[in-house]
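Not measured: the values here are computed from a predicted model. In each ligand, atom 1 is the first atom listed, and ligand 1 is the first ligand listed.
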Amino acid sequence: MKIETKLLHAGLEPDPTTGAIMTPIYQTSTFVQEGVGKNKGYAYSRTQNPTRHALEKNLAAIENAKFGLCFGSGLAAIDAVIKMLNPGDEVISTNDLYGGSYRIFTTIFEKYGIKFNFVDMTNVNNIKNAITGNTKLIWVETPTNPMMSVIDIQGIANIKNENIWLAVDNTFASPYLQNPMDYGADIIMHSVTKFIGGHSDVVMGALMLNDETVANELYRIQNSSGAICGPQDSFLVLRGVKTLHVRMDRHCYNAKKVVEFLQGHEKIDKIYYPGIESHPNHEIAKKQMRNFGGMISFTLKNDTTAAAYSILEKTKLFSLAESLGGVESLIGHPASMTHASIPREVRTQAGVVDSLIRLSVGIEEVSDLIADLKTALD
Ligand SMILES: *Cc1c(COP(=O)(O)O)cnc(C)c1O
């Protein structure tokens with residue numbers, strides 16, 4: 001099946017007791033056993049729940065993976081992956097990492113003796129040079145937040161050895177635009193909160209992978225640490241995921257039009273979007289992505305916080321908020337929101353300057369979105 005069909009059908013069957021076409025919300029903690037140790041595949045909802053199970057099968061299929069696991073948030077999914085490591089193990093990650101991932105690595109896991117090495121991953125040689133005998137995991141995010149850097153997944157798969165897991169945070173692209181498994185990734189992570197859920201009504205995370213031994217280890221951690229998602233949230237995501245392709249097509253179409261508008265506006269300085277030819281890794285984006293997504297960052301010629309704030313305060317359709325990937329358009333200011341905890345000199349070097357604005361372009365009619373931005377900019 002093609003992904004558009006898998007989104008609607010993979011892993012799903014009519015409910016065996018009633019024939020309900022939609023997977024019911026099995027809002028139950030436990031399951032009555034026919035005899036001691038004799039159950040219908042479910043014993044306790046931390047270990048497994050039928051609504052979550054349906055979603056896990058669906059999400060695995062849409063990333064071309066055999067196994068799927070869902071968690072209470074994207075960070076809980078990351079937490080499970082890092083818990084497979086031991087003290088002394090080393091992780092290589094990107095210096096342009098989602099702030100929450102950086103925080104869990106450095107403030108939670110470093111104190112358990114796991115080392116994190118952050119490099120500029122846009123050049124694969126930097127990763128090659130950082131690999132040591134203790135490297136156990138390469139943690140990639142592409143495109144990155146908020147600079148939209150693109151990292152060559154296949155390039156990394158080619159230079160690493162089989163003792164190192166290659167994990168990709170595929171949140172920004174979504175499974176519709178990019179399938180890291182096809183380029184040699186071992187583990188895929190999603191903040192389901194974003195494009196997969198798509199409606200800003202759920203916080204959830206997911207892992208997808210093919211190796212059965214590693215999958216069993218992750219299921220053990222999921223059950224042992226217990227950071228699962230509930231049946232109601234699983235139902236909402238099963239509903240959201242069915243329209244991922246339709247939504248993403250519109251996110252991409254609208255983002256392209258918004259980029260064209262920004263390119264023609266006199267107050268705009270730089271635009272960060274993998275779909276523009278001047279993007280440093282545009283060719284890699286073209287190779288590994290089906291389209292370029294709904295996220296755009298840009299800077300103003302008047303590079304001041306005040307200039308950025310005046311735009312953030314004036315848009316009406318673009319709501320000022322954290323998060324991304326929902327059907328409604330959002331606008332944000334990385335320097336004072338997601339990257340506020342990073343010293344100004346450090347974030348400026350990474351491109352997060354005072355006037356940097358990030359857009360999550362929604363699926364409204366694009367002429368209304370452009371009119372909203374034009375009014376705010378003018
Ligand atoms: C939001 C996000 C996360 C964290 O996911 P939560 O669901 O908020 O825990 C991780 N990576 C990226 C790229 C994100 O955008």
Side-chain angles (χ1 to χ4, degrees), residues 52 55 59 63 68-83 91 93-109 116 118 121 137-151 153 167-178 180 185 187-208 222 225-230 233-234 236-237 240-241 244 248 251 272 274 289 293-297 321-326 330-334 337-341 350 352 358-362:
R52 189 178 98 217
L55 178 62
L59 294 185
E63 279 289 16
L69 302 93
C70 290
F71 296 84
S73 70
L75 285 172
I78 297 174
D79 180 80
V81 174
I82 308 300
K83 280 177 177 162
V91 180
S93 193
T94 165
N95 60 3
D96 182 16
L97 188 67
Y98 172 74
S101 309
Y102 181 81
R103 185 176 56 209
I104 191 173
F105 289 170
T106 56
T107 71
I108 306 282
F109 285 109
F116 295 87
F118 300 96
M121 284 195 166
L137 174 71
I138 299 176
W139 187 272
V140 175
E141 196 183 302
T142 179
T144 63
N145 174 37
M147 300 314 297
M148 309 297 148
S149 302
V150 169
I151 295 164
I153 301 167
V168 178
D169 179 342
N170 201 26
T171 301
F172 263 44
S174 90
Y176 178 58
L177 298 185
Q178 178 171 277
I187 301 170
I188 295 167
M189 176 262 154
H190 277 281
S191 171
V192 174
T193 316
K194 316 294 169 52
F195 287 105
I196 294 180
H199 294 75
S200 308
D201 51 8
V202 173
V203 174
M204 190 190 289
L207 299 174
M208 298 83 157
Q222 182 191 39
S225 287
I228 50 142
C229 56
D233 284 356
S234 301
L236 284 171
V237 174
V241 77
L244 179 67
M248 288 313 298
H251 283 296
Y272 299 95
M289 297 177 77
M295 302 301 299
I296 304 166
S297 292
E322 308 266 3
S323 200
L324 60 115
L330 301 180
I331 191 165
H333 185 242
M337 294 164 86
T338 48
H339 289 60
S341 58
V352 185
R358 191 191 79 176
L359 302 177
S360 174
V361 181

Distance-only polar pair, side chains of Thr171 and Asp169, donor-acceptor under 3.5 Å: yes
Only heavy atoms of [X], strictly under 4.0 Å: list the atoms of ligand 1 that pass.
| X | result |
| --- | --- |
| Met204 | 7 (O) |
| Asp169 | 10 (C), 11 (N), 12 (C), 13 (C) |
| Gly74 | 5 (O), 6 (P), 7 (O), 9 (O) |

In the protein, which heavy atom is nearest to [atom], and how far is it?
| atom | result |
| --- | --- |
| atom 5 (O) of ligand 1 | Ser191 OG, 3.0 Å |
| atom 14 (C) of ligand 1 | Lys194 NZ, 3.0 Å |
| atom 4 (C) of ligand 1 | Tyr98 CE2, 3.5 Å |

Check: His251 ring centre within less than 6.0 Å of Phe195 ring centre: yes
N/O separation below 3.5 Å, Ser101 to ligand 1: no
Atom of Ala173, atom of Met289 and distance for their closest heavy-atom approach: CB-CE, 4.1 Å
Of the listed options Thr193, Val203, Leu324, closest to atom 7 (O) of ligand 1 (non-hydrogen atoms): Thr193
Ring geometry between Phe116 and Phe105 (parallel below 30°, tilted from 30 to 60°, perpendicular above 60°): parallel
Validation row: Val352, Pro146 side chains within 4.5 angstrom (heavy atoms): yes
Close side-chain approach of Lys83 to Ser225, heavy-atom, < 4.5 Å: yes
